[in-house]
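Presented below is the structure to which this report refers.
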There are 2 protein chains.
Amino acid sequence: MSDPLSTTFAALADPTRRAILARLSTGELSVGELAAPFDMTLPAVTKHLNVLERAGLIARGRDAQWRPCRLQAAPLKEASSWIETYRRHWEQRLDRLEAYLQALQAKESVPQAKAKPRKKK
Amino acid sequence: MSDPLSTTFAALADPTRRAILARLSTGELSVGELAAPFDMTLPAVTKHLNVLERAGLIARGRDAQWRPCRLQAAPLKEASSWIETYRRHWEQRLDRLEAYLQALQAKESVPQAKAKPRKKK
């Protein structure tokens with residue numbers, strides 16, 4: 001059993017599943033409607049829908065005749081939050097690096113005694 | 001061969017790899033330093049690093065003695081952008097649904113002829 005975040009990212013790691021989610025973002029669709037633009041059989045599309053349903057990214061209607069798929073955005077919100085936290089860390093790190101480089105440049109602009117030549121690689 | 005976005009999401013679909021990326025967001029680390037907090041062998045950690053490197057999420061230093069790992073945030077930015085676009089669609093959809101419900105409520109507040117009783121489930 002995977003943790004929820006891993007399940008979400010694994011479900012997103014496929015272009016067909018991402019295209020399905022993108023189409024569902026405009027409203028509910030039946031399996032047939034979802035399958036139409038893909039060059040895939042209904043069972044192949046159903047397999048992808050099962051992966052998305054297990055990941056909690058879509059839900060299916062209860063109507064036995066027409067079980068429309070609708071998206072559930074909560075897991076995506078979690079995935080997005082994880083990436084954004086990480087990106088913030090990374091940006092802070094770049095800020096620190098920039099501050100360090102500025103400090104170095106400020107030091108270099110002060111006249112100094114003859115510097116030792118750097119060792120070549 | 002997977003498309004780049006699928007490769008990124010697949011690389012993120014593992015808690016150890018996400019923990020490695022989180023630790024690298026504070027600076028460069030050697031494989032040994034990265035392996036320390038995990039109850040894993042060096043080869044097991046190296047396997048995860050190879051997946052991250054193939055996905056372009058980390059880069060390794062050229063120094064043969066100490067090949068520090070550093071993160072490369074560009075693929076994550078792509079992944080985050082995809083999710084955010086999708087979330088915006090979803091939010092717009094919720095806005096439309098809300099507008100529709102408000103329109104329905106406005107209609108219901110107008111006195112009407114005796115309504116038919118709703119069919120029970």
Side-chain angles (χ1 to χ4, degrees), chain A residues 1-29 48 51-52 54-55 57-59 62-64 70-97 100 121, chain B residues 1-29 48 51-52 55 57-58 61-65 70-97 100 121:
Chain A
M1 285 294 286
S2 285
D3 63 289
L5 207 45
S6 297
T7 306
T8 303
F9 283 129
L12 293 175
D14 180 275
T16 304
R17 288 197 290 269
R18 290 198 302 279
I20 288 172
L21 291 176
R23 290 192 65 218
L24 287 177
S25 70
T26 60
E28 293 187 346
L29 291 169
H48 283 304
V51 173
L52 291 170
R54 276 198 298 273
L57 286 163
I58 65 164
R62 296 236 180 128
D63 187 327
R70 63 171 177 277
L71 63 89
Q72 306 275 93
L76 268 197
K77 209 165 172 175
E78 292 296 316
S80 177
S81 296
W82 186 87
I83 296 183
E84 284 309 302
T85 305
Y86 169 90
R87 279 185 64 198
R88 269 197 294 280
H89 278 227
W90 172 69
E91 278 165 3
Q92 283 164 0
R93 195 190 144 211
L94 285 182
D95 288 347
R96 282 197 299 272
L97 187 65
Y100 175 71
K121 267 189 187 171
Chain B
M1 286 292 286
S2 284
D3 62 290
L5 206 45
S6 296
T7 306
T8 303
F9 283 128
L12 293 176
D14 181 276
T16 304
R17 290 198 289 271
R18 289 197 303 277
I20 288 172
L21 290 176
R23 289 191 65 217
L24 287 176
S25 70
T26 61
E28 292 188 348
L29 291 168
H48 283 305
V51 174
L52 291 170
L57 285 163
I58 66 164
R62 295 236 179 129
D63 187 326
Q65 305 246 286
R70 66 172 175 278
L71 63 91
Q72 306 275 93
L76 267 197
K77 210 167 172 173
E78 293 295 315
S80 178
S81 295
W82 187 87
I83 296 183
E84 285 309 302
T85 304
Y86 168 90
R87 278 185 64 199
R88 267 197 296 279
H89 278 227
W90 173 70
E91 277 165 6
Q92 283 164 0
R93 195 192 143 209
L94 285 182
D95 288 346
R96 282 197 299 272
L97 188 62
Y100 174 70
K121 267 187 188 172

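Throughout, a chain's letter reflects where its sequence line sits, starting with A, and its residues are numbered from 1.
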Partner chain B: residue of A:Ala11, A:Gly27, A:Ser25, A:Ala79 with the largest heavy-atom pair count (under 4.5 Å):
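Ranked by heavy-atom pairs under 4.5 Å with chain B, first place is A:Ser25.
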Heavy-atom pairs under 4.5 Å with chain B, option from A:Leu5, A:Thr8, A:Asp14 with the top count:
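Ranked by contacts with chain B, first place is A:Leu5.
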Do any of residues 16-23 of chain B have a heavy atom less than 4.5 Å from a heavy atom of chain A, and if so, which, in residue order?
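Hits under 4.5 Å: B:Arg18, B:Leu21, B:Ala22.
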Can you name the side-chain hydrogen bond (donor to acceptor under 3.5 Å, both in side chains) partners of B:Glu78, sequence neighbours left out?
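Applying side-chain hydrogen bond (donor to acceptor under 3.5 Å, both in side chains) to B:Glu78 gives none.
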Sequence neighbours excluded, which residues qualify as side-chain hydrogen bond (donor to acceptor under 3.5 Å, both in side chains) partners of A:Glu84?
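Partners of A:Glu84 by the side-chain hydrogen bond (donor to acceptor under 3.5 Å, both in side chains) criterion, ordered by chain and then number, come out as A:Arg87, B:Ser80.
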For B:Ala10, give me all partners under side-chain contact (heavy atoms from CB on, under 4.5 Å), at least two apart in sequence or on another chain.
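side-chain contact (heavy atoms from CB on, under 4.5 Å) check on B:Ala10 returns A:Ala13.
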Looking only at non-hydrogen atoms, find the nearest pair between B:Leu12 and A:Ile83 and report the distance.
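The pair with the smallest heavy-atom distance is CD1-CD1, 4.2 Å.
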